[in-house]
Undergrad: 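Pasting a structure here, questions to come.
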There are 2 protein chains.
Amino acid sequence: MSKRAAPEARRAELIAATARVLAARGAAGASVRVIAAEAGVSPGLVTHHFGGVERLVEATYDHVAAQVSEALEVAVAAASESPRARLAAYLDASFAPPIADPALLATWIAFWSLAQGGAAMQASHARHYAGYRARLEVLLAEAGVAADQRRMAAVGLTALVDGLWLELCLSPGAFSAAEARAAVAGYLAAV
Amino acid sequence: MSKRAAPEARRAELIAATARVLAARGAAGASVRVIAAEAGVSPGLVTHHFGGVERLVEATYDHVAAQVSEALEVAVAAASESPRARLAAYLDASFAPPIADPALLATWIAFWSLAQGGAAMQASHARHYAGYRARLEVLLAEAGVAADQRRMAAVGLTALVDGLWLELCLSPGAFSAAEARAAVAGYLAAV
DNA sequence: GTGATTGTTGCACGAACGTATAACAACGCC
DNA sequence: GGCGTTGTTATACGTTCGTGCAACAATCAC
């Protein structure tokens, strides 16, 4: 039996275990029993702390999305103070660890597939992507992009980065991370 | 009881039923019983004709991928003879029916999530995407793009179109199909 | 120390899963 | 018309699923 833990700590453990299971086995493997075994606890704990698997997966989505946003901010903070460099760092971070990771893609695909029937998951997705685009528009503004062009630039850049990230993780042999960065740089130059 | 049918016809019916189930209920709903009910036959027929659900889903992937390719070719054929118009038609077709369809995205996500553990599905995906990029490179060549720039242009355009298509289906409110076409046109102008 | 609170376990339950198998029925062949 | 071939159904089996529940145990208040 696992030692008694504070509710928040146990919830965090279960969320981390869910993320690991999702990455390793996909949506099909994310069962209560598998997740509980990964966390080293009894299956009943999932119901006790989250009231159901669905709620646990939603919480895991929010957690992983926050981790992604944080990784992108870390990349921006590590860049020089030049607005252009900060923008490039934000975009290029998607092609380097920990973002460019097949395990993260597997997790993301699992979320997408589980979002099919869940309104809460769809809302979380919309919020996350809107946040990504909003952050991008701020960086574009700081880099001197005209106000009336920022929205479409953000839409296009988000789509381009997403598509490159997806294919980079899905079939790594098609092109390299450096080529992905070059493609983004080309698009950026056209804006 | 369903009338006796030729093996090929029955296989086609089961594949069509699987595509409908995948679109409507996602990967989680693609069970033998649900698919068989959708096709109006007994569950045992899946094993009899395909030897298992996994094989049936693989066959469905190939079928849907072929339908997508065909829809893109129809769009190209409907365009004027100008190489630029044919290229634009090929790219823009992703933002109009039957490609820009949330049901098709649901099907595609289901394939991705099911491909996690299946080597055959991964191979099918790699083949389909390579075919898409190869066709794109031909259209780029006909439109006058230099040989040494075609590959990266195809990679970038594929990623951009994919990202826009994904987000267009996933959260239709973020931007319009016309804006997606404009983003692609902008990228194309930069090449 | 003692009692109350509550995190945790183990099990039971009904439902759904994939598949194997035997019986049935429709079609082609002679 | 009878017969073999084979598409089709219905059922059964073992497994896994999510969840509810009673019992257990660790912590805290006093």
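Every chain is numbered from 1, with letters handed out A, B, ... down the list of sequences.
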Undergrad: Is the gap between the ring centers of A/His128 and A/Tyr132 under 6.0 Å?
TA: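 Here the rings of A/Tyr132 and A/His128 have centres that are no less than 6.0 Å from each other.
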Undergrad: Roughly, in whole Å, what's the span from CD1 in B/Ile35 to P in D/dT8?
TA: 16 Å
Undergrad: Should the pair B/Trp112 and A/Trp112 be assigned to parallel (<30°), tilted (30 to 60°) or perpendicular (>60°) ring geometry?
TA: tilted
Undergrad: Charged N to carboxylate O under 4.0 angstrom, B/Glu142 versus B/Arg84?
TA: no
Undergrad: Do the ring planes of B/Phe111 and B/Trp108 sit parallel (below 30°), tilted (30 to 60°) or perpendicular (above 60°)?
TA: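 Correct class here is perpendicular.
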Undergrad: Check step by step if salt bridge (charged side-chain N to carboxylate O under 4.0 Å, His left out) holds for B/Arg86 and B/Glu81.
TA: CA-CA 7 Å; B/Arg86 287 160 53 87; B/Glu81 292 185 0; over 6 Å; no
Undergrad: Please give me every residue in residues 7-22 of chain B whose heavy atoms get under 4.0 Å of an atom in DNA chain C, ordered by residue number.
TA: none
Undergrad: Evaluate the salt bridge (charged side-chain N to carboxylate O under 4.0 Å, His left out) criterion for residues A/Arg133 and B/Glu167: first the C-alpha distance (whole Å), next the side-chain angles of each, then the deciding distance (0.1 Å), finally the verdict.
TA: CA-CA 12 Å; A/Arg133 268 198 290 267; B/Glu167 195 60 11; 3.8 Å; yes
Undergrad: Where do B/Leu104 and B/Pro98 come nearest, in terms of heavy atoms and distance?
TA: CD2-O, 4.0 Å
Undergrad: What integer distance in Å separates A/Arg4:CZ from C/dG7:P?
TA: 6 Å
Undergrad: Looking only at the side chain of A/Ala5 (C-beta and beyond, no hydrogens), which of the listed nucleotides D/dT6, D/dA10, C/dT8 gets closest?
TA: C/dT8
Undergrad: Both A/Pro43 and B/Pro43 contact DNA chain D. Which one's nearest nucleotide lies toward the 5' end?
TA: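 Closer to the 5' end of DNA chain D: B/Pro43.
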Undergrad: Tell me, with the steps shown, if B/Glu13 and B/Arg10 meet salt bridge (charged side-chain N to carboxylate O under 4.0 Å, His left out).
TA: CA-CA 5 Å; B/Glu13 280 178 27; B/Arg10 189 63 84 196; 2.8 Å; yes
Undergrad: Do B/Leu136 and B/Leu91 touch side chain to side chain, with heavy atoms closer than 4.5 Å?
TA: yes
Undergrad: Would B/Arg150 and B/Glu137 count as a salt bridge (charged side-chain N to carboxylate O under 4.0 Å, His left out) here? Give the steps.
TA: CA-CA 6 Å; B/Arg150 276 178 217 149; B/Glu137 287 191 36; over 6 Å; no
Undergrad: Could I get a table of every N or O pair under 3.5 Å where one atom is in the protein and the other is in nucleotides 13-17 of chain D?
TA:
from: D/dC17; atom 1: OP1; to: A/Ser31; atom 2: OG; distance (Å): 3.1

Undergrad: Check DNA chain C against residues 45-52 of chain A and give the residues with a non-hydrogen atom under 4.0 Å, in numerical order.
TA: A/Leu45, A/His48, A/His49
